[in-house]
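Every chain is numbered from 1 and lettered A, B, ... according to where its sequence line falls, protein lines coming before strand lines.
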Amino acid sequence: MIQNVIIGQYVPGKSLIHRFDPRAKLLTVFLFVIIVFLANNWLTYAALGLFTLGAIILSKLPFRYLYNGLKPILLVIILTFFLHVLLTREGNVLFSLGWFKVYEGGVEQGIYISLRLLFLIMITSLLTLTTTPIDITDGIESLLGPFKRFGLPVHEFALMMSIALRFIPTLLEETDKIMKAQSARGAEFSSGPIKERLKAIIPLLVPLFIGAFKRAEDLALAMEARGYRGGEGRTKLRLLEWSAKDTMLIVSLVVLSVLLIMLRG
Amino acid sequence: MKTRSKTQRMIVVAMFSSISYLLMLLDFPLPGFPPFLQIDFSEIPALFVAVLYGPLAGVAVEAIKNTIHYGIAGSFTGVPVGQLANFIAGTLFIVPTAYIFRKFKQTKKGLTVGLVAGTLLMSIIMGLLNYVLILPAYTWFMGFEEMSAAARSTLVLTGITPFNIIKGIIIAVSFILLFVKLQPWFARQTKIA
């Protein structure tokens with residue numbers, strides 16, 4: 001569990017999908033989430049499926065990683081499928097068992113919605129599987145750059161995001177340590193009625209808060225000693241580089257959108 | 001003399017967002033409510049920062065927490081409906097509390113009044129939002145038939161609103177308990193500011 005919390009799910013690699021600019025990947029996922037809702041017949045779903053499959057193959061990720069991301073959602077997808085099969089009453093009756101009837105429209109609807117969920121999960125997990133959280137944060141900062149003009153604190157938000165991500169493992173370890181220390185003294189965290197949980201959470205939060213505060217003071221001092229003074233004119237160690245393949249990715253997505261609009265019924 | 005720079009405030013907000021995200025993972029359902037309504041203590045760090053540095057800092061914690069949650073856990077509709085709902089609920093709870101607390105010159109009475117106001121505001125507006133926006137959005141994304149107005153209002157009145165009130169009370173009580181413990185430290189921090 002700790003591993004999962006730490007880096008999301010990033011799997012190091014050198015595939016084409018890994019090497020895309022994070023901005024291109026973010027834009028792609030954003031657009032994909034929107035155009036998925038255009039699909040409404042089997043041709044459009046096939047197009048989306050091919051795109052998703054192509055992305056998975058290009059990423060060269062072992063299937064097991066994708067399956068791990070899918071596991072918690074699988075039950076929801078299956079449940080959704082059966083709800084649609086049972087509740088939609090359209091089209092011909094496929095078969096009936098006494099009062100229980102399965103309609104063609106229900107099966108069709110069930111398959112479509114399950115596929116839509118599946119594609120969405122696959123594409124969003126591909127992003128987090130092939131991009132480090134820091135790259136994603138850099139990408140978001142760069143994409144939101146234009147909004148600085150309207151007074152949106154884009155740089156500050158990105159900085160806070162990266163610090164928050166960086167300190168999740170550290171603070172998790174600290175939480176774990178405090179919990180163990182309290183458990184050794186007889187505290188219970190994961191069970192009991194709400195009143196007990198309430199009582200247990202306070203001795204956990206007090207040292208955690210004070211500790212985080214001290215850490216923040218140290219980090220602020222260290223950053224200011226190295227001359228940090230906000231985003232204005234700050235240079236970066238790793239620059240994002242937009243290349244031809246990133247433009248191709250966006251173009252392929254535009255082609256997919258046009259295809260969907262043409263094929264949808 | 002402690003530094004009270006903008007840098008430090010930003011880092012404190014970031015650290016508490018981390019804590020908030022971690023607490024979000026320790027969620028649990030309340031007996032007698034539908035399982036998608038879960039309670040967690042992630043509002044407490046946000047409240048703490050809001051009380052210390054003002055409402056906006058608390059809103060930042062909520063925003064970072066939900067962005068990280070969406071980035072790591074994703075959302076089963078693909079669109080962060082749940083995270084957005086969590087962000088709005090958290091903001092509605094924190095902003096009035098922090099605002100009133102600071103207006104009342106940071107006394108325990110101010111905190112209590114603020115927490116009551118926050119709980120009420122969150123419950124009422126989240127009830128309305130669920131009725132007109134969030135529930136229809138969920139059913140639309142999942143491709144279900146739209147719930148009827150009657151079904152939605154029953155769910156809101158018997159499920160979501162009582163749940164939000166109870167959640168508000170639980171968080172308010174634990175925050176007051178925490179605040180009492182931390183008050184000496186807290187007073188020291190704000191005095192230097």
Please state whether the side chain, the backbone, both or neither of A/Ile77 comes within less than 4.5 Å of a heavy atom of chain B.
->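 Looking at A/Ile77, nothing touches chain B.
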Is it the backbone or the side chain of A/Leu171 that comes under 4.5 Å from a heavy atom of chain B, or both, or neither?
->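 Its backbone and side chain both get close to chain B.
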Most heavy-atom pairs under 4.5 angstrom with chain A, which of B/Ile44, B/Val13, B/Val173?
->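 Heavy-atom pairs under 4.5 Å are most numerous for B/Ile44.
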Does any heavy atom of chain A fall under 4.5 Å from the side chain of [X], the backbone, both, or neither of them?
| X | value |
| --- | --- |
| B/Ile19 | both |
| B/Ile39 | neither |
| B/Phe175 | neither |

What pairs of residues pass the salt bridge (charged side-chain N to carboxylate O under 4.0 Å, His left out) test when at least one of them lies in residues 37-57 of chain B, not counting sequence neighbours?
->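 Residue pairs passing salt bridge (charged side-chain N to carboxylate O under 4.0 Å, His left out), neighbours aside: B/Glu43-B/Lys65, B/Glu43-B/Lys167.
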Between B/Phe48 and B/Tyr53, does the ring centre distance come in under 6.0 Å?
->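 No, ring centres 6.0 Å or more apart.
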Indicate yes or no: does A/Asp218 engage A/Lys214 in a salt bridge with an N to O separation below 4.0 Å.
-> no
State whether A/Arg229 and A/Glu224 are salt-bridged, where the test is any N-O pair (Lys NZ or Arg NE/NH1/NH2 against Asp/Glu carboxylate O) under 4.0 Å.
->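 No, this pair does not count.
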Between A/Arg226 and A/Ala222, which heavy-atom pair has the shortest distance, and what is it?
-> NH1-O, 2.9 Å
